[in-house]
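Taking it in order: structure first as structure tokens, then the write-up.
Just so you know, ligand 1 is whichever comes first in the structure, and atom 1 is the first atom listed for that ligand. Basis for what follows: all heavy atoms, side chains included, without hydrogens, waters or symmetry-related copies. As the structure is a prediction and not an experimental result, all values here were calculated from the model.
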Amino acid sequence: MHRYGKRGDLIVHEEEPFNAETGPAALAEGPLTATDEFYVRGHGAVPEIDPAAWRLRVHGLVERELDLSLSTLREALREREVTATLQCAGNRRAGLIAIRDIPGEAPWGPGATGTATWTGVALADVLALAGPLPEAEHVGFDAADLSPEAKPPQPFGGSIPLDKACRPEVLLAWAMNGEPLPLVHGAPLRVVVPGYIGARSVKWLERIEVRSRPWQGYFQHVVYRLLPEDGTPGPGAGMPLGVVALNSDVLSPADGETVPAGPVEVRGYAFAGGERHVARVDVSIDGGATWSQAELLDDLGPWAWRQWRMTVDLAPGEHEILVRAWDSSAATQPEDEAALWNPKGYVNNARPRVTVTAAAAP
Ligand SMILES: Nc1nc2c(c(=O)[nH]1)N[C@H]1C(S)=C(S)[C@@H](COP(=O)(O)O)O[C@H]1N2
Ligand SMILES: [Mo]
């Protein structure tokens, strides 16, 4: 067992602040990720918040400022539930580090992602109470945790466009998979922005600011931005990440695994991000010369990944299994990780490949 009640098979990248990813076997267990297996990404110490004293302040470009208790939120507004995949922009960074080192950044494998059912109220309903003014274009979130990654330290936060904030799928959530939201996942209240990078799903939410321009803090204005290969992080450098790019990975068999020759079940996930959905997943065992379609498993709705499986027949020897997902905009994954390398190691959505050895029966 790790800290915060996390099961021992999580892969811990950092103890303090706690950063850990879900192991491939746990991700493959089903379309919903168990709460005690769900990855954790934190940039500072988990803050201690007294839920009874906690208030959500809504301010900025609004007709009415709000100061809401948790019970007011729960009683005044309609409860909503959304099943959504969270995916860190640094998911699969290890594949970029293999090309060229990225000092100071965790080598996340495929498990900085997971899917849960979130319960709370629509951010849109809170915004409707406050009444955004005509100049409003972005909605900023300020959290309670202070991160030493920014110099001087800054609270975590971020913003999303007002249009997205007014969509019914964007929640202020107090429950995860039907249980009270665990502290490490942002209790008492977190934002869940389906389709966007995990960083916008701000945990330990304290303030919502309706703004005319994006949030200017470190975690959106300096990092979580895609820099050109020769770029240097700095205020406003590169492009801000928002909508998640189409991605997939193989969860089983593991890279380097030896399996019995014959039929082998290959399993993985694919996530389209944004408003797109996964349309197809192809698998190749001949280096991409020919492809076969995987079976898409449970459809959990427009904001969740699709897990997939496919049985391939492997003769004795070494094989490379190559995968490419397609989304509803007919985009597929880029071939080459080397072409995606960037200084902070975000958005590795290259086609995943695993090498397995098929062993003949003795
Ligand atoms: N307050 C706060 N919110 C945060 C973070 C953080 O460090 N502090 N990390 C963000 C990032 S980068 C990701 S990927 C997700 C991870 O959510 P989880 O830890 O619940 O899996 O939370 C986001 N929200
Ligand atoms: Mo993240």
Short list, please: which atoms of ligand 1 are under 4.0 Å from a heavy atom of [X]?
X: C88; value: 14 (S)
X: H185; value: 18 (P), 19 (O), 20 (O), 21 (O)
X: V202; value: 3 (N), 24 (N)
X: F38; value: 21 (O)
X: G42; value: 7 (O)
X: D145; value: 1 (N), 2 (C), 6 (C), 7 (O), 8 (N)
X: A143; value: 1 (N)

Other residues, nucleotides and ligands only: do more than 12 of their heavy atoms fall within 6.0 Å of [atom1] on [X]?
X: R213; atom1: CZ; value: no
X: E295; atom1: CD; value: yes
X: E48; atom1: CD; value: no

Taking [atom] as the reference point, the nearest protein heavy atom with its distance:
atom: atom 21 (O) of ligand 1; value: Y39 O, 2.6 Å
atom: atom 9 (N) of ligand 1; value: R41 O, 3.3 Å
atom: atom 24 (N) of ligand 1; value: S201 O, 3.0 Å
atom: atom 22 (O) of ligand 1; value: R190 NH2, 3.5 Å
atom: atom 12 (S) of ligand 1; value: Y224 OH, 2.8 Å
atom: atom 19 (O) of ligand 1; value: K203 NZ, 2.6 Å
atom: atom 23 (C) of ligand 1; value: G198 O, 3.2 Å

Given S159, which of Q220, E209, H221 fulfils the side-chain hydrogen bond (donor to acceptor under 3.5 Å, both in side chains) condition? Q220
Taking the six-membered ring for Trp, are F38 and H185 parallel (under 30°), tilted (30 to 60°) or perpendicular (over 60°)? perpendicular
Assign the ring pair Y346 / Y224 to parallel, tilted or perpendicular, where the plane angle (0 to 90°) is split at 30° and 60°. parallel
Ligand 1 versus R200: contacting region, heavy-atom distance under 4.0 Å: neither
Do any N/O atoms on Q87 end up under 3.5 angstrom from N/O atoms on ligand 1? no
Counting only nitrogen or oxygen atoms and a 3.5 angstrom limit, does W204 reach ligand 1? no
For H13, run the ring-ring contact (aromatic ring centres under 6.0 Å, His included) check against F18, W108, Y39 and tell me which one passes. W108
Just going by heavy-atom distances, which of F156, F141, F219 is nearest to atom 10 (C) of ligand 1? F156
Could you measure the distance from the CG atom of L27 to the CD atom of E37? Nearest 0.5 Å is fine. 8.0 Å
Quiz item: cation-pi between R324 and W291, 6.0 Å / 45°: yes
Would K203 count as a cation-pi partner of W118, with NZ or CZ less than 6.0 Å from the six-membered ring centre and within 45° of the ring normal? no
Is it true that T115 and T33 share a donor-acceptor pair across their side chains at a distance under 3.5 Å? no
